[in-house]
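What follows is a set of notes on a single structure, which appears directly below.
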Amino acid sequence: MSSGKDPDTGIPVSPGEDPNPQVARLRRVQTREMVNITQALKDAAEYAQNAPQIPRAVLKSETSEAASPASMTGQRKPASKPMGGNSPTPSGRPAAKRPAASKIPKPAKPAKRSRPTTLAQDAINAKTGLVGVTSSGLPAMPPRVNPAAKRMISRFLASDTPPTQAINIVDRLRGTPYANPKVNAAQDASARKTLEFALDLAETMFRYGAGSLEVETSVIAVTAALGLRHTDVDITNQSIHLNFSPPEGESYSMLRVVRSWTTNFAGLAQVHRLVSDIISGGVTRQQSVDRLRAIARKPKPFPRWMVASAAGAFAALFVVFIGGSLTGAALAFVSSIAVGQVIKYASRWRVPEFFSIATSTFVVTAIAILFHALRAPMDPSIVVAGGILLLLPSSRFVSALQDAINGFPVTASGRFFSAALTYAAILTGIMTALVSGRMLGAPELDVSSIDVIVYPGWLLAALVVLAVMAGGVTEQSEPKLLLPIGAIALLGYMILLGIQALGVGDRAAPAVAATFVGFAGRWAAYKLRAPQLVLAAPAIVFLLPGLMIFRSMYGIVFDVADMSGAMVQMFTAFTIMMAIAGGVVFGDTIARPLIGAEVLAERRNIRRR
């Protein structure tokens, strides 16, 4: 511990500082203390020009005075020098004879006083590696390495997001329609109300059939836009968990379980627009709550009788599309109306979905077998294929595969299991109807050779457009989205014909066509401000292998000799369905980077306004 002045330099030293520190203990210049050399030199030059000039005579006298030994020891110079060789001492004794001038040792050259350096000198010392003193007068060492070289090496060795560092939750929005949200800098005073609104939003989207990725990105974008930057989202098959833990303040953890589902693509599109308006910065939290409540209370765009009629029209149009007769189309229409009534009463009586789907499939197959026994001019296989097509869980397969690819394994497993259970219910209904018909004496079916009626190409294209538009009505899509759904389906059908003309097999061609449907669905969804699932799911129904499913099921039940062939055909039908779902997800993934640039430009234009 020392205080006062440095005996060598005379610089004031604060208590607790060693005036002569070792080199290893010298404080090294920090990166934040380094300044730009050019700017520092400019400051030093400006200071030198503005400083008062010191006269040369005064400067010379001060310099010579500082260099004399007397000034170094602090003694006064004697007034006069005696002329004699010996001079008396204060005690009266003669002084000793002085040695010759040549033998007098020269005094050591005094050490130069270390003066505080300027900012420019500090910067030079830091850049060149010289040992100097800081502007406060304390010795300092330069950095251990060149800062510029250190930064360059760090760029090569370190990534943007190190694996041990938490990723910003807002970065999850990259490549989604909600990228680059307008985040409020001020945190909302009522974080709990914001979290409750986010849970209501997520529950509504799940009930309307949205995928996990869309729900997660919507919740992240909304909470960030409303001022909550430290929100974690955990989504499973039927629950949403939000955890808000700011660095300072009270934390909240809220859970919501989704126990009911309904078909309402129109409501899902309206929720999508609400989220887009929130992240654009034009809707407050209370306005968002009111709009979400209005969306949930708004009736569906089409009444039940219109939905039932649309389902019958879809079945009839698809029967003609795959080569059925007009009689078969009429039977498909009647059986679809009956299926609608079965599902209506099953929902009213709280019957599980497995039994309602199995009963519906049994009704469709039984009607086809009954009229085949009555010698009606139609093929029962085609009628059954058209009747069960809307019962196939196509949108559920698409959502499940999308969740699996985007990193939601728990949700994907639940959706896959639910879709597989629906698929098993369809097979159960078909098998039960076939066995019952055989026991009642119904004639045997020949599923190996089916009489297909060939229609002109323009009629088939028109049937595809009309059928998928009717399918959009059954999914409760918005009326303005029906025509885009038909256009996307027509594009997919044209591409399917082109791929088949190139020699691609019947199993790979639907997957390629579904990829283009997914790409076009993403682009149209961005232009119409709607989710991609709302446009893509109804547009791929015509690609599903309904006829192959019926053939394989009939072979499993009655053709015991060729059981392996029937099982392979069943597995092939399931593989085609998965390939179609994968094609939709792949097309969506390809279109996202292209749409993301337009979304970013649009967000910037909104902020400039």
Side-chain angles (χ1 to χ4, degrees), residues 177 209-211 213-214 265 268-269 272 314 317-318 321-322 389-390 392-406 419 457 460-475 477-478 480-502 504-546 573 575-595:
L213 179 63
E214 185 177 1
F265 279 0
L268 185 60
H272 180 89
F314 173 85
L317 294 171
F318 192 79
F321 172 75
I322 60 178
L389 207 59
L390 283 179
L392 293 174
S394 57
S395 59
R396 200 172 300 177
F397 271 119
V398 173
S399 299
L401 195 59
Q402 187 176 21
D403 293 341
I405 293 175
N406 293 324
L460 296 179
L463 291 175
V464 168
V465 174
L466 294 177
V468 298
M469 291 177 64
V473 173
T474 61
E475 298 287 353
S477 299
E478 290 182 325
K480 68 176 183 179
L481 297 180
L482 296 180
L483 191 59
I485 291 174
I488 294 173
L490 180 60
L491 174 64
Y493 178 67
M494 295 300 177
I495 294 175
L496 177 65
L497 295 179
I499 294 297
Q500 290 178 346
L502 294 177
V504 179
D506 295 336
R507 294 172 176 80
V512 178
T515 302
F516 285 92
V517 169
F519 185 92
R522 168 58 64 186
W523 183 83
Y526 166 69
K527 295 299 182 181
L528 298 173
R529 301 183 65 192
Q532 187 255 7
L533 182 67
V534 173
L535 297 170
I540 62 171
V541 179
F542 75 96
L543 297 172
L544 298 177
T575 304
I576 291 176
M577 293 180 62
M578 294 300 299
I580 292 172
V584 174
V585 177
F586 183 61
D588 183 18
T589 305
I590 294 175
R592 279 186 178 182
L594 304 178
I595 303 301

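All values below come from the heavy atoms of this structure, side chains included, with hydrogens, waters and symmetry mates left out. Counting from 1, the numbers follow the sequence of the chain as shown.
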Over all atoms of both residues, closest heavy-atom pair of Leu482 and Ser477: CD2-CB, 4.3 Å
Could you measure the distance from the CZ atom of Phe519 to the CD1 atom of Ile495? Nearest 0.5 Å is fine. 10.5 Å
Heavy-atom closest contact (Leu268 atom, Gly209 atom, distance): CD2-C, 4.4 Å
For residues Leu213 and Asp403, report the shortest heavy-atom separation together with the two atoms involved. N-OD1, 3.9 Å
With a 4.5 Å heavy-atom cut-off, do Phe314 and Leu390 have their side chains touching? yes
Interatomic spacing from CG in Leu317 to CG in Leu460 - rounded to 0.5 Å: 11.5 Å
Hey, could you give me each pair passing salt bridge (charged side-chain N to carboxylate O under 4.0 Å, His left out) that has a residue in residues 579-590? Not counting sequence neighbours. Arg522-Asp588, Asp588-Arg592
Is Leu496 close to Phe542 at the side-chain level, that is, under 4.5 Å between some pair of heavy atoms? yes
Pairwise side-chain contact, Leu401 with Met578, heavy-atom cut-off 4.5 Å (strictly under): yes
List the atom pairs, with distances to 0.1 Å, where a side-chain N or O of residues 528-538 and a protein N or O form a donor-acceptor pair under 3.5 Å, not counting sequence neighbours.
from	atom 1	to	atom 2	distance (Å)
Arg529	NH2	Arg273	O	3.4
Arg529	NH2	Asp277	OD1	2.7
Gln532	NE2	Gly518	O	3.2

Using only atom types and a distance under 3.5 Å, with no angle test, would you say the side chain of Ser399 pairs donor to acceptor with the backbone of Arg396? no
Rounded to the nearest 0.5 Å, how far does CD1 of Ile540 lie from CZ of Phe516? 15.5 Å
Correct closest heavy-atom pair for Ala210 and Glu214 would be CB-OE1, 4.0 Å
Please verify the inter-ring angle class for Phe318 with Phe321; under 30° counts as parallel, over 60° as perpendicular, anything in between as tilted. tilted
Check whether any side-chain heavy atom of Leu497 sits under 4.5 Å from a side-chain heavy atom of Gln500, and report yes or no. yes
Over all heavy atoms of both residues, which pair between Ile485 and Ala539 is shortest? Give the atoms and the distance, please. O-CB, 4.0 Å
Rounded to the nearest 0.5 Å, how far apart are CG of Leu543 and CD1 of Ile580? 5.0 Å
Can you see which heavy atom on Ala461 is nearest to which on Leu490, and at what distance? CB-CD1, 3.8 Å
